[in-house]
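Any value given below was found using the heavy atoms of this structure, including those in side chains, with hydrogens, waters and symmetry copies removed. Just so it is clear: chains get the letters A, B, ... in the order the sequence lines come, proteins before strands, and each one is counted from 1. If you're wondering where the values come from, they're calculated on a predicted model, not measured in any experiment.
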2 protein chains.
Amino acid sequence: MGKRKSELTELEGAAMTVLRQLGACTPYQVRKAFKDSPSAEWSGSAGAVYPALRRLKAAGLLVAKPVKDARRSVLYSLSTAGADALDAWLTDVARAAGIGIDPFRTRAPLWGGLPSARAGAFKRALIRTLRAERAAIREQLAAPDAPDRDAIELCLALQETRLKWLGAKRKK
Amino acid sequence: MGKRKSELTELEGAAMTVLRQLGACTPYQVRKAFKDSPSAEWSGSAGAVYPALRRLKAAGLLVAKPVKDARRSVLYSLSTAGADALDAWLTDVARAAGIGIDPFRTRAPLWGGLPSARAGAFKRALIRTLRAERAAIREQLAAPDAPDRDAIELCLALQETRLKWLGAKRKK
DNA sequence: CCGAACATGTAACCTGTTACATGATTAC
DNA sequence: GTAATCATGTAACAGGTTACATGTTCGG
């Protein structure tokens with residue numbers, strides 16, 4: 001069965017999440033899921049996904065089922081151990097509550113100190129972009145068949161928090 | 001002056017942010033700033049910080065001033081080109097509006113599908129942790145001399161958004 | 001049948017982490 | 001003087017990214 005991995009990376013967890021949601025997938029389908037995702041944190045680069053799935057297979061967390069087509073595709077799905085590992089990853093409180101890497105928050109402290117000529121145009125552009133993303137997210141929520149409704153709402157809430165913060169800051 | 005770097009990494013930008021805020025710093029001081037930061041996204045590992053600062057120096061974005069102590073320390077500060085690069089990094093709309101890597105949001109879509117025996121205890125632990133962090137952040141805000149007040153408020157707003165989302169989800 | 005998009009990979013590179021090594025300073 | 005801590009690094013490693021290479025399927 002291969003030795004147990006002590007911990008999953010964020011990408012590995014995300015990939016296994018896709019497998020749980022969609023059932024057995026080829027690596028390409030996982031990549032596609034990453035790319036199509038509204039909240040795309042992962043580029044879904046082949047150089048990350050293919051090795052990651054093989055790694056998980058080697059660790060006994062996935063089972064591979066070869067497809068008999070000319071492309072020699074492989075359908076991966078969660079093994080029992082994989083399902084357990086995914087649950088453990090999902091319920092890792094310390095990591096779930098952690099901050100991650102937020103480009104907005106990394107930059108925010110310094111926006112107040114920008115040369116004012118630059119600051120105005122930048123803030124306008126930023127707000128415009130955030131609003132556009134918010135609109136796109138709302139669009140998705142409008143679809144009656146939207147999957148991951150909760151996740152999309154979370155995404156929306158986060159963008160709105162950013163917008164609200166910018167607004168509050170501006171007023172001061 | 002060295003050749004121009006096309007783009008700064010998040011850590012490089014964060015390091016230069018520290019230099020702008022504190023003035024000339026040794027690598028160790030930058031590391032300390034990362035570790036002390038309330039919103040610590042970076043471990044401030046020596047293996048990242050020392051090479052990063054040398055990289056930026058080589059690119060002409062920092063100036064190095066040797067200190068005449070037995071430790072052969074070096075004080076780094078922003079060059080003119082470095083200040084420009086930092087401004088460009090700060091005002092990179094696409095990146096600032098991007099989502100980054102958010103462990104909470106990566107996991108959130110699947111919490112609904114957890115075995116219910118596990119889900120309850122996990123959610124309680126998660127809420128407890130988030131509340132503890134919120135309290136810690138409020139603590140910082142209570143200090144009258146708190147620097148980066150805006151940034152801390154943003155941190156607080158984000159944690160509250162998470163808590164609110166969890167609460168809303170629970171009700172449904 | 002031929003070009004475009006699909007699908008599977010690989011190799012070189014970059015950056016950050018952990019763990020270690022080493023010397024300087026401070027507290028006692 | 002010695003132990004703890006401060007401070008500066010380095011080496012091995014890990015995990016992603018980009019760019020490339022290659023074969024397959026499909027639309028015209």
Colleague: Whole-Å distance between D:dG16 P and B:E10 CD?
Modeller: 17 Å
Colleague: When all nucleic acid strands are considered with a 4.0 Å heavy-atom cut-off, which category describes B:S45: base, sugar-phosphate, or nothing?
Modeller: base
Colleague: Tell me: CD of A:E41 to C1' of D:dG15, nearest whole Å?
Modeller: 16 Å
Colleague: Rounded to whole angstroms, how far apart are CZ on A:R55 and C1' on D:dG15?
Modeller: 6 Å
Colleague: Produce the list of close N/O pairs, under 3.5 Å, pairing protein atoms with atoms of nucleotides 6-11 of chain D; give distances to one decimal.
Modeller:
from, atom 1, to, atom 2, distance (Å)
D:dC6, O2, B:R71, NH2, 2.8
D:dT8, OP1, B:S73, OG, 2.8
D:dT8, OP2, B:Y28, N, 3.0
D:dT8, OP2, B:Y50, OH, 3.4
D:dT8, O5', B:Y50, OH, 3.4
D:dT10, OP2, B:R54, NH1, 3.1
D:dT10, OP2, B:R54, NH2, 3.2

Colleague: Of all residues at least two apart in sequence or in a different chain, which pass the salt bridge (Lys or Arg N to Asp or Glu O under 4.0 Å) check with B:D87?
Modeller: B:R20
Colleague: Would you tabulate the side-chain donor-acceptor contacts of residues 23-31 of chain A under 3.5 Å, counting partners in other chains and residues two or more places apart, or write 'none'?
Modeller:
from, atom 1, to, atom 2, distance (Å)
A:T26, OG1, A:Q29, N, 3.3
A:T26, OG1, A:Q29, OE1, 3.3
A:Q29, OE1, A:T26, N, 2.9
A:R31, NE, A:G44, O, 2.7

Colleague: Name all residues meeting the ring-ring contact (aromatic ring centres under 6.0 Å, His included) criterion together with A:F104; count only those two or more places apart in sequence or in a different chain, and write none if there are none.
Modeller: A:W111, A:W165
Colleague: Whole Å only: how far is the CG atom of A:D69 from the P atom of C:dT8?
Modeller: 8 Å
Colleague: Whole Å only: how far is the NZ atom of A:K35 from the P atom of D:dT17?
Modeller: 11 Å
Colleague: Determine whether a donor-acceptor pair (N or O, by modelled atom type, separation under 3.5 Å) exists between the side chain of A:S73 and the backbone of A:V67.
Modeller: no
Colleague: Taking side chain to side chain contact (heavy atoms under 4.5 Å, CB included) as the definition, give me every residue that meets it alongside A:R138, ordered by chain and number, with sequence neighbours left out.
Modeller: A:R134, A:L156, A:E160
Colleague: Using whole Å, report how far CD of A:E7 lies from P of D:dG15.
Modeller: 11 Å
Colleague: Is A:T9 close enough to D:dG16 that one of its side-chain N or O atoms is under 4.0 Å from OP1 or OP2 there?
Modeller: yes
Colleague: Using whole Å, report how far CZ of B:R95 lies from P of D:dT17.
Modeller: 13 Å
Colleague: Only pairs at least two apart or in different chains count here, so list each side-chain hydrogen bond (donor to acceptor under 3.5 Å, both in side chains) that has a residue in residues 117-126 of chain B.
Modeller: none
Colleague: What is the distance, rounded to the nearest whole Å, between atom CG of A:L56 and atom P of D:dA14?
Modeller: 15 Å
